[in-house]
Structure formats: C-alpha cells, structure tokens
*Asks:* 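Take this structure, written in structure tokens, and hold onto it; I'll ask about it next.
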Amino acid sequence: MQKYFLGFVGFLFGIVTYAQTQTIDQKVDSLLQKMTLEEKIGQLNQYTSDWHQTGPITINPNKQADIINGQIGSMLNVMGANYTRQYQELAMQSRLKIPLLFGLDVIHGYKTTFPIPLAEAASWDLPAIELSARVAATEAAASGIHWTFAPMVDIARDPRWGRVMEGAGEDTYLGSKIAYARVKGFQGDGLGNLNSVMACAKHFAAYGAAVGGRDYNSVDMSERMLLETYLPPFKAAVDAGAATFMNSFNDINGIPATGNAYIQRDILKGKWNFQGFVLSDWGSIGEMVTHGYAKDPKDAAYLAITAGSDVDMESNAYRYNLAQLVQENKISVTLIDDAVRRILRKKFELGLFEDPYRYADPTRQQEVLFNPEHAKIAREVAAKSVVLLKNEKQILPLSKDLKTIAFIGPMVKLKRANHGFWAIDLKEIDSSYIVSQWEGLQNKVGKNTKLLYAKGCDIESTDKSGFAQAIKVAKKADVVIVSIGERYNMSGEAKSRSNIGIPGVQEDLLKELKKTGKPVVVLINAGRPLVFNWTADNMSTIVYTWWLGSEAGNAIADVLYGDYNPSGKLPMTFPRDEGQIPIYYNHFNTGRPPKDEQDKINVSAYLDLPSSPKYHFGFGLSYTTFQYSDLKISQSQMQTDGSIDVEMKLTNTGEYAGAEVVQLYIKDIVGSVVRPILELKDFQKVNLAPGETQTLHFKIDKEKLSFFNQRLEWTTEPGAFELMIGASSADIRLRANFELTN
Ligand code: NOJ
C-alpha cells in the first residue's frame with residue numbers, strides 16, 4: 001500500500017515538476033490544442049473600453065459577454081488597478097480562462113508626465129530617456145497595464161505632421177539609439193517583472209513620411225529610402241527585444257502597411273526574425289476597404305492576416321471573417337495558430353496565467369503613482385530637454401538678485417498645456433501634480449524678487465485687449481519672461497498644420513513688449529518645430545521649451561536660473577518657411593548646389609528664400625562655451641574589417657559647468673549611389689566643469705561606413721571619406737579625411 005502511495009506521490013510530483021519545467025512554447029502548444037477556432041480568433045481581437053476612445057468607434061458589441069465567451073484577447077484604454085481587475089474577472093469566467101492583455105498609449109509618462117518624446121530626443125541623453133520610459137512603465141504596470149503603445153519610432157522630416165511630437169525627430173542614427181533606449185526602459189529587466197510593460201514599436205512603417213505632412217496620408221518612397229532611413233529605428237527596437245509592433249495607417253507606394261507582406265512578413269518576421277506579435281492600428285484593417293485595397297472587411301481580414309498583422313484593433317474584421325476564410329480554405333489554421341501562439345507566448349511571459357491580476361495592485365498603485373522620486377526624475381529630464389536657441393545679451397542665466405520679474409503670456413499659468421498631446425488624462429486630470437510655469441518660477445525666486453503676471457493674450461484669438469496690461473506690468477520689471485506657443489492639442493495625432501507659425505497674436509505681443517526696452521526672455525512651448533522668424537531675428541533671448549510634462553514649471557525655472565545649464569540640441573531641422581518642407585540636414589548635394597545663400601543662378605535654390613534652415617539639426621546653445629581640439633585619427637587608411645580610433649579634446653572654456661553633445665558626422669565622398677552631404681554616425685554627451693578638458697574617443701568601423709548599394713545590399717565600398725566632428729550639423733569644428741581600402 002505504502003509502495004503504491006509513494007508511487008502516486010512520485011507521479012504527482014512528476015506532473016507538477018513537468019508543469020513547472022514546461023517551456024513557454026510547450027505551454028502555448030498545449031493550450032492551443034484545447035482552443036476552438038472561435039477562441040483562437042478571439043485572441044486576435046482587440047477592443048477599446050467603453051470609458052475612452054482614441055479613435056473612431058465604429059462598433060459597439062456587448063464587450064462583457066464577448067470577454068466571457070472568449071472572443072476578445074486584449075483591450076485598450078482600460079486603466080487603473082480596479083478597472084482592469086473588473087475586466088480580467090470577466091476573462092476568468094471564460095471557458096479556458098485566458099487572461100486579457102491591457103494596452104494603453106503610455107507615450108511620455110503615465111501619471112507623472114515627462115517631456116513629449118521629441119523634446120526628450122533633444123536631450124540626446126540616452127540614459128535619461130531610458131529612465132523616463134522606466135518610470136512610465138513602473139507607474140503603468142502598477143495600474144494594471146501590460147503594454148504600452150510606444151515607442152513611436154517614425155522618422156519625421158515634416159514638421160507640419162503633428163505626430164512629430166511623438167517621435168525622436170528626423171535622424172535615423174539618433175532615432176535608432178532612442179528607439180533602443182525606450183524599449184529597454186519600458187521592458188526593464190524583462191517581461192514578467194512587475195514594473196515592466198511590453199513595448200510596441202510603431203508605426204510600421206514610414207508613417208512619418210505622409211505626403212504633405214497630412215496625417216494618415218499616403219507615402220510614396222523609394223525602397224532605398226525605406227530601408228536606409230525609415231526602417232533602422234524599427235530594427236533597433238527588435239534588437240532591444242520589443243515584444244510587439246503596431247503597423248501604420250498609410251499606404252506605402254500603393255500598398256497599405258497593414259496589408260503589406262513585404263514589410264511585415266519578409267522584413268520584420270522574416271529577415272529580422274521578430275518573435276513578438278504585430279497589432280494593427282486603430283481600425284487600419286477595416287480601412288483597407290476605404291483605401292480601395294480590399295473589397296470588403298472579409299477581403300481586408302484576408303489581406304491583413306496573410307500579410308502578418310496578428311491583432312485587429314477595433315476593426316472587427318478578424319472576428320467576423322477569419323473563421324469563414326478558414327472554412328473556405330482561403331487561409332489555413334496554421335496561419336491563425338502562428339498569430340495566436342505569438343500572443344499567448346507574451347501572456348505567459350508576463351506571468352498572467354499564474355496570476356491574471358498580478359499587475360493590478362491598488363496598494364502598489366497608490367505607492368507608485370506620482371511618487372516624489374518620479375517627479376524628481378521628470379524635472380531632470382525636462383531640464384535636459386530644453387534647447388537654448390539664442391542668448392545674445394547673456395540675459396540668461398537670470399541673476400538671483402533681480403527685484404522684479406514680469407512673467408507674461410498665455411502659457412504662464414496653464415497646467416494641462418505643459419503635458420502636451422498624448423497625456424493619460426483620459427477622463428479627468430489631477431492638475432495638482434502639474435507644476436505650472438508660474439508656480440515653478442515662484443518656487444525658484446527668493447523672497448526679495450517680486451513676480452508680476454499678465455496674460456497678454458490667448459493662444460489663438462486675435463484679441464489684443466490684454467496687451468496694455470502686459471506692457472504696464474513689463475515696464476515695472478527688471479526682466480520680462482514671455483511664455484508663448486502652441487495649444488497642447490495643436491500637435492499630435494490628426495493635428496497636422498499647414499501653417500506652423502506661432503498662433504494668434506502672440507508674436508504681436510512680443511513686438512509690443514520689445515518696445516518697452518526691457519530685457520525679454522522668450523519661452524516657446526510647442527509640439528513641433530515652429531516657424532517664428534520675427535522672434536528669431538528680433539528677440540535676443542529664446543528658449544525652446546517644447547511641452548515638458550508635469551514638472552515643466554520647475555524645470556524651466558532651473559534652466560532660467562542656471563541651476564541646470566541647457567544642453568539640448570535640436571533633433572529636427574527648423575525651417576524658415578513652410579515652403580522649405582520637407583527639410584532635413586542629411587540631404588544629397590545635387591548637381592547644382594548653391595555656393596552661398598545669395599547664389600540663385602541655375603542652382604538648386606528658392607528665389608524667395610535662403611536654402612538654409614532657421615535652426616540646424618543638432619543646434620543648441622549653453623551658458624558656457626566649448627572648444628574642440630586635437631583631433632587625431634589612428635590611421636588614414638582602413639581595411640573593411642578594421643577600424644579607426646578617433647581621439648579629440650573637448651574643453652569647457654566658459655564660466656559655467658555644462659554638458660556638450662559632441663556630434664560625429666561622416667561623408668562618403670563618392671559612391672555607386674550618391675550619399676548625403678553628411679550623416680550622424682556617433683555622439684557623446686559630456687559634462688565638464690569650467691576650464692576642464694576631457695579626451696574623447698570614437699571608433700569608425702565598417703557599420704558606420706555601410707550603405708545600401710545599387711542592388712540594395714548593405715555594404716561598404718572602398719574610397720575616400722570625410723570625418724566631421726562638431727557642435728551641430730552646421731557647426732563642424734574638426735575634420736579629417738581617410739580612405740577605406742579593400
Ligand atoms: C491610433 C494611433 O495611430 C496609435 O498610435 C495609437 O496607439 C492607437 N490609435 C490607439 O490609441
């Protein structure tokens with residue numbers, strides 16, 4: 001008897017051990033075997049909550065019943081420990097108890113908000129960017145969120161496109177580094193950790209190249225440009241381990257990205273061996289009918305699933321058509337199984353089968369949201385994101401002894417405005433956690449400084465009746481600070497603008513304030529590069545503050561007073577005029593480049609505009625100055641598999657401690673296809689005390705010299721190269737030439 005009993009215990013032990021040691025793939029396979037086709041298709045179906053929508057709702061099924069029936073695999077716009085738990089409880093009533101995934105657009109912070117991603121990119125500070133994503137993940141995960149629809153890694157060369165605010169700007173190299181950092185930040189030490197969320201690299205692909213900068217518009221692009229400029233940040237996201245991808249609304253050369261097998265199957269899941277799953281964008285499967293690419297939702301479902309889109313967000317196309325497509329033998333169950341497997345794998349990795357509520361923890365949520373430590377980090381990242389564009393009269397940093405400061409402008413006392421677009425304030429917002437610019441300055445100035453306020457005007461209206469009061473207040477002050485810019489939702493999804501000037505009469509207000517003769521500091525708050533020529537040409541002191549998040553007020557005050565010395569550099573070219581768009585630094589030379597701005601005869605130029613931008617990619621000032629010197633390269637000939645060591649010295653020649661972003665560019669002088677006039681290939685952000693010198697080292701290797709040749713192979717070609725190191729793409733301080741031999 002005892003023998004049998006022991007045998008039975010051993011058997012049980014074996015089962016338990018087997019269950020524990022089963023790999024995730026084995027668990028997925030055994031679950032898959034139990035699933036009906038309907039349940040499998042349910043996993044591919046995603047709906048928004050009824051509470052909030054971030055797109056046009058076209059369907060209104062009974063979601064509660066659908067969850068219980070296993071017809072929904074994931075949801076978006078469900079947030080909060082209690083609310084996510086309620087939905088998860090429904091999933092636990094389903095036959096197989098497969099947990100739901102909760103996804104959300106956690107774009108630049110969850111409750112504690114950070115600078116918009118474009119602003120963060122201006123910091124060129126990869127550890128800071130990673131940390132910001134880390135904090136966002138920590139807060140979101142404690143609220144039951146498993147998945148952020150970020151980072152957006154779309155390269156953008158057109159500031160009319162509102163979604164430039166959500167990405168890292170125009171440059172592929174910088175964009176790739178930032179994509180990597182953000183994915184690492186969101187996913188932390190890996191899925192399954194309670195403070196990690198799945199990242200979602202979006203929008204695959206080329207969404208940022210919408211014709212005319214109009215959101216959702218078509219993309220017409222050479223394959224070379226797609227491979228070389230637009231795809232590398234996505235590859236970087238895969239390399240960083242991104243769990244998911246989202247495809248894009250646009251068509252690429254006539255084929256909607258959602259139904260594009262070349263980019264999703266051949267490149268992403270094929271060449272890059274991406275093991276995660278691909279989510280459609282909101283309704284993008286159904287929209288293939290509107291594009292004129294699919295006959296009807298059934299055709300759209302067929303095109304999307306065969307092209308590699310695994311999850312249908314809000315189209316209902318998979319839910320109502322995939323089973324029929326299988327029955328008609330148009331698609332195989334294997335195709336569906338592949339998609340389901342990818343999703344289940346992530347649910348296992350997140351630990352949801354062990355405890356479906358493990359992320360929805362009200363106690364942790366309470367501890368984590370708006371944690372003061374998070375606010376501190378947000379403040380630091382915000383200060384790092386500020387770009388000083390002009391400080392001609394050295395008005396900045398402000399003296400601590402000023403008697404009276406006038407703080408004027410429509411942005412001064414606003415709170416929500418600092419968040420910018422894509423802040424998680426779905427229904428309501430707790431503005432007590434947002435530090436207005438007024439509060440930030442108040443926190444900073446000493447008892448002996450008086451702060452005066454006038455609004456001056458609204459952001460958009462043409463009413464100038466507030467000017468008189470603003471002038472009166474300005475006249476009483478030693479220094480006038482004026483905060484102007486774009487309303488928080490003038491840039492973002494579906495927020496393209498054809499005219500990207502400073503709205504309303506805000507520049508007119510500046511003109512009047514300038515007449516007072518007082519020193520004026522201009523703060524520009526925006527979700528994109530704006531055009532502001534009058535201000536740029538006539539005001540002596542300009543600080544680009546973007547939309548900096550919940551700590552904007554404190555961070556701006558830190559910069560104004562020199563407690564943080566600005567170190568931001570523009571991640572996008574600022575045009576002089578919308579007519580120059582698209583404008584970007586790494587363009588080709590053409591056969592007829594102008595000799596200078598005056599040269600207009602038979603050259604590639606505008607008669608009515610200089611060719612150069614207003615502010616160049618990589619530009620940004622500091623309160624101190626930096627000297628670049630002593631460039632040495634280890635050799636002037638490099639074999640393809642060899643490398644060149646580059647050494648230089650950087651000295652802080654000014655009076656303030658500060659950080660400089662040293663940028664390394666390369667030009668391939670002659671190629672089998674023409675190459676850009678210069679391309680960013682490396683950078684370092686270096687902190688130096690006044691008078692301090694540091695020796696910096698870079699390495700040139702094959703990867704930095706490679707490009708897609710005529711046959712679109714990623715390779716190098718022997719020949720001459722120029723190496724340029726500088727403080728911006730137009731401020732090259734050191735140059736050297738070298739040769740690549742075979
Ligand atoms: C549409 C946007 O393009 C996408 O980025 C976002 O994640 C989804 N809506 C969900 O809100």
Side-chain angles (χ1 to χ4, degrees), residues 45-59 72-79 101-110 116-118 133 136 140 145-156 161-168 179 182-183 186 197-210 213-219 233-234 237 242-252 256-258 276-288 290-291 309-316 420-427 489 491-496 527:
N45 187 30
Q46 180 178 95
Y47 289 145
T48 186
S49 74
D50 294 326
W51 195 44
H52 187 70
Q53 61 182 80
T54 45
I57 294 198
T58 47
I59 39 187
I72 302 180
S74 56
M75 299 205 62
L76 74 153
N77 296 328
V78 185
M79 57 183 279
L101 285 176
F102 299 113
L104 191 73
D105 293 291
V106 183
I107 307 296
H108 51 111
Y110 182 67
I116 54 167
L118 184 63
I145 305 300
H146 308 129
W147 183 13
T148 173
F149 301 143
M152 184 188 105
V153 305
D154 297 307
I155 294 298
W161 188 52
R163 296 200 85 168
V164 298
M165 53 104 0
E166 208 181 327
R182 287 202 165 121
V183 170
F186 287 130
V197 294
M198 294 197 292
C200 179
K202 70 188 190 185
H203 305 84
F204 200 59
Y207 183 43
R214 222 178 62 228
D215 208 1
Y216 316 126
N217 205 3
S218 292
V219 168
F234 288 100
T244 72
F245 262 54
M246 184 188 291
N247 58 36
S248 56
F249 288 118
N250 55 285
D251 72 85
I252 307 170
T258 310
F277 65 89
V278 179
L279 166 73
S280 83
D281 203 343
W282 182 296
S284 71
I285 298 181
E287 285 174 19
M288 288 201 288
T290 323
H291 273 282
S309 298
D310 301 307
V311 175
D312 175 356
M313 182 200 288
E314 278 289 328
S315 279
N316 251 344
F421 202 78
W422 282 129
I424 313 291
D425 50 13
L426 302 179
K427 279 279 187 275
N489 57 1
S491 189
E493 186 181 348
K495 304 285 180 283
S496 297

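Whatever order the structure lists them in is the order used to number ligands and atoms, beginning at 1. Source: prediction; values computed, not measured. Numbers for residues simply follow the sequence, beginning at 1.
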*Asks:* Give the atom numbers and elements of ligand 1 that come within less than 4.0 Å of a heavy atom of Glu493.
*Replies:* 1 (C), 2 (C), 3 (O), 9 (N)

*Asks:* Does a donor on one side chain and an acceptor on the other come within less than 3.5 Å for Asp215 and Tyr207?
*Replies:* yes

*Asks:* Numbering the atoms of ligand 1 from 1, which are under 4.0 Å from a heavy atom of Leu76?
*Replies:* 10 (C), 11 (O)

*Asks:* With Tyr216, which of Trp161, Phe249, Trp282 fulfils ring pair (Phe, Tyr, Trp, His ring centres under 6.0 Å)?
*Replies:* Phe249

*Asks:* Looking at ligand 1, is there an atom of it that comes within less than 4.0 Å of some heavy atom belonging to Met152?
*Replies:* no

*Asks:* So if I count the atoms of ligand 1 from 1 in the order they appear, which ones are less than 4.0 Å from some heavy atom of Phe149?
*Replies:* 7 (O)

*Asks:* Which pair of heavy atoms, one from Val78 and one from Ser49, lies closest together, and at what distance?
*Replies:* CG2-CB, 3.6 Å

*Asks:* What pair of heavy atoms forms the shortest contact from Val106 to Ala150, and how long is it?
*Replies:* O-CB, 3.6 Å

*Asks:* In terms of relative ring orientation, are Trp147 and Phe277 parallel, tilted or perpendicular, with 30° and 60° separating the classes?
*Replies:* perpendicular

*Asks:* I need the minimum non-hydrogen distance between Ile252 and Ala205, along with the two atoms involved.
*Replies:* CD1-O, 3.3 Å

*Asks:* State whether the shortest distance between N or O atoms of Asp105 and N or O atoms of ligand 1 falls below 3.5 angstrom.
*Replies:* yes

*Asks:* Which atoms of ligand 1 have any heavy atom of Arg163 under 4.0 Å away?
*Replies:* 2 (C), 3 (O), 4 (C), 5 (O)

*Asks:* For Lys202, counting its heavy atoms only, list the atoms of ligand 1 lying under 4.0 Å from any of them.
*Replies:* 4 (C), 5 (O), 6 (C), 7 (O)

*Asks:* Taking only heavy atoms of Phe249, which atoms of ligand 1 are found under 4.0 Å from at least one of them?
*Replies:* 1 (C), 3 (O)

*Asks:* Is ligand 1 under 4.0 Å from a heavy atom in the side chain of Asn77, in the backbone, in both, or in neither?
*Replies:* neither

*Asks:* Please find the pair of heavy atoms, one from Asn250 and one from Val219, that lie closest to each other, and give the distance.
*Replies:* ND2-CG2, 3.5 Å

*Asks:* Could you tell me which atoms of ligand 1, counted from 1 in the order shown, lie closer than 4.0 angstrom to a heavy atom of His203?
*Replies:* 3 (O), 4 (C), 5 (O)

*Asks:* For ligand 1, which atoms, with element, lie under 4.0 Å from some heavy atom of Asp281?
*Replies:* 1 (C), 2 (C), 3 (O), 4 (C), 6 (C), 8 (C), 9 (N)

*Asks:* Looking at Glu166 and Lys202, is there a salt bridge between them, counting it only when a charged N and a carboxylate O are closer than 4.0 Å?
*Replies:* yes

